[in-house]
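Quick notes on the structure that follows.
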Amino acid sequence: MPEEQAGPSSPCPPKKRRVPRNTCRLCWRSDCDPMVVGELCRQNGICVHENCLYLASGLLQRGDPSQEGIYGFLVPDIRQELKRVAEQRCCFCKLPGASISCRGQHSRRPKLWTRRGRRCSRTFHLPCGAEKGCTCQFFGEFRSFCQQHRPQQRRVRVQAVQQGQTPCLICMEPMVARPCYDTLVCPVCGAGSHRRCIQAQALHSGLQRFCCPHCRDVDTFRPEMLRQGVRIPDREASWEEDWVFEEPAEWHSPCDAHWCLCPLGREHVEVSGPWSLVMCRSCASRGIHQFCAARGEDVGFWECEDCGGSDTGGAGVTLVMHILIVIGANFAHLALEGIDQKNSVRELKKVEWRMWLLEAVWGAATLK
């Protein structure tokens, strides 16, 4: 028979799994929350998430995090870990590549040869574990636990601001009034917040500034949040970085009066005198020349119309004074328009008397 001559058929080689672009090789996900999986890193043809590397059970950080490999994980070690987890399936999505193993112990029916019981055999991907309530710790041995063996908080009732309502201290949205996976409670004051809100606070605060948002406790609150799987980066707070307190590139310079009386235009601002700029004391987004506001140099505040001010210019100026100011400003503008670049110094002297007239009227308008 032809079939007997051919002998037993050889098994077909397994097909390699096609990896889409921007997909982590450890969790096989590309649409994950960066707050959960961290940054996506690419090097030497390997694409992995930052937190997937730290939590991989068979991967050791043997290099310098700032110089070698990916966050200190050498590329040969990462390839070896990818081979190890190629056949391990996630207990939630049933797909291969589960690199995180539960470190919990089954306390019921222990074996005779062990004192602590049989170890949990569940393996999962980091995004799958976060969706199902698993806890991954980012300190020490970087241990992970499934939803059955995760560390539990003490059963205390979360403080409620109003009767029947328990809002999160950070986002003020309602939450469960008892400790659970999505609600983390401070062990000192009993104030609760969403896990996601606490994680966002930890990423911005850093290890030095992270504390309870209610009682400001650090010594007890920080270790408890680390035990519950909150990642606290060892760096300064985001608001204390070098670029945060830099001087703004542009300051508000134009005069916002209805009729700017400066002969040199709205953009002209001096350090002191009638053409110095006074900012709105409420919003600081609008300004006006002291001359245009008809205020003395000893008055250092002004309020715009949007913030409740009565007028944006000419306060305290009578009708006659206002007419004189407008006429003098028009003469000055006409004189400035006819200035020749070659004879600018000579022509500017002709404008001095008009500027003197404006300053005299400004002084008369501000007399008490």
Side-chain angles (χ1 to χ4, degrees), residues 24 26-29 32-38 48-61 71 73 81 84-85 87-111 114-156 175-176 178-187 192-203 207 210 220-234:
C24 176
L26 288 174
C27 68
W28 298 97
R29 298 277 288 271
C32 300
D33 187 3
M35 192 180 301
V36 176
V37 298
V48 287
H49 288 127
E50 177 185 1
N51 294 346
C52 293
L53 286 176
Y54 283 113
L55 298 173
S57 301
L59 194 58
L60 297 178
Q61 190 180 30
Y71 295 105
F73 297 95
E81 179 68 8
R84 185 186 71 85
V85 303
E87 301 300 329
Q88 291 186 2
R89 293 189 175 273
C90 177
C91 63
F92 300 115
C93 66
K94 308 303 180 182
L95 295 178
S99 60
I100 303 177
S101 301
C102 177
R103 298 291 296 272
Q105 301 285 341
H106 292 288
S107 59
R108 297 180 179 180
R109 296 180 183 180
K111 298 293 184 179
T114 179
R115 295 181 180 179
R116 302 182 60 183
R118 184 169 55 90
R119 183 174 175 178
C120 181
S121 60
R122 292 182 178 178
T123 57
F124 50 88
H125 302 118
L126 177 58
C128 299
E131 294 172 357
K132 299 299 181 179
C134 300
T135 298
C136 300
Q137 297 176 346
F138 292 90
F139 71 98
E141 299 179 359
F142 287 79
R143 300 184 301 173
S144 301
F145 303 92
C146 63
Q147 71 274 29
Q148 181 180 354
H149 300 104
R150 70 187 181 204
Q152 303 291 335
Q153 285 194 291
R154 184 168 55 92
R155 292 289 178 177
V156 295
M175 63 180 184
V176 181
R178 57 180 176 83
C180 60
Y181 180 76
D182 293 328
T183 301
L184 299 178
V185 180
C186 175
S193 301
H194 292 128
R195 173 182 289 270
R196 181 177 178 83
C197 297
I198 290 291
Q199 182 61 75
Q201 178 195 358
L203 294 177
L207 186 62
F210 183 65
T220 308
F221 179 76
R222 185 187 299 167
E224 177 64 17
M225 294 300 106
L226 286 172
R227 192 177 71 93
Q228 294 300 322
V230 177
R231 185 192 175 195
I232 310 176
D234 188 6

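Please read all numbers here as calculations on a predicted model, not as lab measurements.
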Strictly distance-based, threshold 3.5 Å: is any side-chain N or O of Thr123 a donor or acceptor partner for the main-chain N or O of Gln88? no
Here's a test for you: under side chain to side chain contact (heavy atoms under 4.5 Å, CB included), which of His194, Gln201, Arg196 qualifies with Ile198? Gln201
Determine the minimum heavy-atom distance between Pro96 and Arg89, stating which atoms define it. CD-NH1, 3.4 Å
If you look at every heavy atom in Cys180 and Val176, which pair is closest and at what distance? SG-CB, 4.2 Å
For the side chain of Arg122 and the backbone of Gly104, is there at least one donor-acceptor N/O pair under 3.5 Å apart? no
How far does SG of Cys146 sit from CZ of Arg150, to the nearest 0.5 angstrom? 9.0 Å
Which heavy atom of Gln152 sits nearest to which heavy atom of Arg227, and what is that distance? O-NH2, 3.2 Å
Any donor-acceptor pair under 3.5 Å linking the side chain of Arg103 with the backbone of Phe145? no
Ser99 and Val85 have their tightest heavy-atom pair at CA-CG1, 3.7 Å
Could you tell me if the side chain of Leu126 sits less than 4.5 Å from the side chain of Cys136, heavy atoms only? yes
Judged by atom type as modelled, is there a donor-acceptor pair below 3.5 Å linking the side chain of Gln153 to the main-chain atoms of Val185? yes
For the NE2 atom of His125 and the SG atom of Cys91, what is their distance to the nearest 0.5 Å? 10.0 Å
With rounding to the nearest 0.5 angstrom, report the SG to CG distance, Cys52 to Leu59. 11.0 Å
State whether the side chain of Arg231 and the backbone N or O of Gln199 hold a donor-acceptor pair below 3.5 Å, judged by distance alone. no
Closest heavy-atom pair and its distance - Arg84, Gly58: NH2-N, 3.4 Å
Would you check if Pro127 and His49 make a side-chain contact, meaning some heavy-atom pair closer than 4.5 Å? no
Can you tell if the side chain of Leu184 reaches within under 4.5 Å of the side chain of Met225, non-hydrogen atoms only? yes
One should read off an interatomic distance between Ser144 OG and Phe124 CZ, to the nearest 0.5 angstrom, of 5.0 Å
Could you tell me if the side chain of Cys90 sits less than 4.5 Å from the side chain of Trp28, heavy atoms only? no
Can you measure from OH (Tyr71) to OH (Tyr54) and round to the nearest 0.5 angstrom? 7.0 Å
If every non-hydrogen atom of Val36 is compared with every non-hydrogen atom of Ala130, which pair is closest and at what distance? CG1-CB, 3.8 Å
Separation between CZ of Phe210 and CD1 of Ile232, rounded to the nearest 0.5 Å: 4.5 Å
Side chain proximity check, Phe142 to Gln61, heavy atoms < 4.5 angstrom: no
